Amino acid sequence: MWVSTKAQYGLRALIEIGRHDGAPVPLKDVSERQGISQHYLEQIASNLRRAGFIRSIRGAHGGYRLARPAAEINAYDVVTAMEGSIAPVSCVEDEHACDSQNVCGTQGLWQRVDSALRDVLGSTTLADLIVESEVQQHARLVQLEPVFTRA
């Protein structure tokens, strides 16, 4: 399975928005922090808004904020909202899509792959990803700090 940049950027945008504790975040800020084209991010935000993950706040201090708590949004829902199906092969989602079903020795493998993807993405919440990103950012900052020694 190949996850498109749209789904990857959608998750990154949600993490960035979710890190601001409900304060509206302008897409320009998300674009700059995440290195994503603002034009592309506007398209992604539109999809995220339609899927019910974010809502827009108008005005001078407007932007986007999560439409529900980060703990209630899982990666599976985001990826499928952005991608559609995540099935690794068509026969996993539609058993009638394959003419080789009776002779295929790989269908069980693809079903296990599909199940593992759904389990991992479904059990990972946006809150988990926010914490993970903050830990990674902290680790990078600690590595960059100059080390002072006493003479």
Side-chain angles (χ1 to χ4, degrees), residues 1-57 62-144:
M1 183 203 139
W2 183 262
V3 177
S4 71
T5 56
K6 185 167 53 170
Q8 293 175 49
Y9 290 176
L11 279 168
R12 286 171 51 187
L14 287 173
I15 291 167
E16 192 64 46
I17 292 167
R19 291 176 74 181
H20 290 85
D21 297 322
V25 182
L27 281 185
K28 180 181 178 200
D29 293 354
V30 175
S31 172
E32 290 172 359
R33 289 186 192 121
Q34 291 296 318
I36 302 170
S37 153
Q38 188 171 347
H39 178 71
Y40 192 34
L41 194 55
E42 288 168 358
Q43 296 171 19
I44 291 167
S46 177
N47 289 345
L48 293 171
R49 188 182 45 73
R50 277 194 303 275
F53 298 117
I54 59 175
R55 63 178 186 212
S56 61
I57 308 299
Y64 287 91
R65 66 176 171 207
L66 297 179
R68 57 186 195 254
E72 294 178 13
I73 299 172
N74 67 51
Y76 176 80
D77 291 340
V78 176
V79 171
T80 56
M82 302 302 284
E83 295 279 333
S85 171
I86 63 163
V89 292
S90 60
C91 66
V92 170
E93 199 161 66
D94 178 10
E95 61 187 48
H96 302 295
C98 181
D99 294 334
S100 303
Q101 184 174 344
N102 295 331
V103 295
C104 178
T106 63
Q107 189 174 20
L109 167 69
W110 300 125
Q111 288 172 337
R112 291 190 304 275
V113 168
D114 183 62
S115 178
L117 279 170
R118 291 172 190 268
D119 288 347
V120 170
L121 293 173
S123 65
T124 304
T125 67
L126 184 58
D128 298 331
L129 294 173
I130 291 168
V131 168
E132 191 174 319
S133 74
E134 290 173 349
V135 167
Q136 289 173 352
Q137 182 180 14
H138 178 72
R140 282 190 298 272
L141 291 174
V142 167
Q143 289 176 349
L144 295 175

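Nothing here was measured: the structure is a model prediction, and the numbers come from that model.
From Arg68, atom CZ reaches atom CZ of Arg55 across 12.0 Å, with rounding to the nearest 0.5 Å. With values rounded to the nearest 0.5 angstrom, Ile15 atom CD1 is found 6.0 Å from Leu126 atom CG. Rounded to the nearest 0.5 angstrom, Arg65 CZ and Ile57 CD1 are separated by 3.5 Å. We find the CG-CG distance between Asp119 and Asp114 to be 9.5 Å, quoted to the nearest 0.5 Å. Considering NZ of Lys6 and CG of Leu41, their distance stands at 13.5 Å, rounded to 0.5 Å. Remark: Thr125 OG1 to Ile130 CD1 distance equals 8.0 Å, nearest 0.5 Å.
Residue Ile17 forms a side chain to side chain contact (heavy atoms under 4.5 Å, CB included) with just one option from Asp29, Leu66, Leu48, and that option is Leu66. For the side chain to side chain contact (heavy atoms under 4.5 Å, CB included) with Tyr64, the qualifying choice from Leu27, Val25, Leu14 is Leu27, the only one to do so.
Considering all non-hydrogen atoms of both residues, Ala81 and Phe53 come closest at CB-CE1, 3.7 Å. The minimum heavy-atom distance linking Ile54 with Ala45 is given by the pair CD1-O, 3.6 Å. What you find for Cys91 and Gln107 is that their closest heavy atoms are O-NE2, 3.8 Å. Nearest heavy-atom pair across Pro24 and Gly62 is CB-C, 3.7 Å. Scanning all heavy atoms of the two residues, the minimum distance from Glu93 to Ala87 falls at CB-CB, 4.1 Å. Between Ala67 and Gly52, the shortest heavy-atom contact is CB-O, 3.4 Å.
Among residues two or more places apart in sequence or in another chain, the side-chain hydrogen bond (donor to acceptor under 3.5 Å, both in side chains) test is passed with Arg12 by Gln34. Considering only residues two or more places apart in sequence or on other chains, Thr5 meets the side-chain hydrogen bond (donor to acceptor under 3.5 Å, both in side chains) condition with Tyr40.
With a 4.5 Å cut-off on side-chain heavy atoms, Arg19 and Gln137 count as touching. Counting only heavy atoms from C-beta outward, the side chains of Lys28 and Gln38 approach each other to under 4.5 Å.
Panel note: side chain Glu83, backbone Val3; no donor-acceptor pair is recorded below 3.5 Å.
No side-chain donor-acceptor contact under 3.5 Å links Glu134 and His138.
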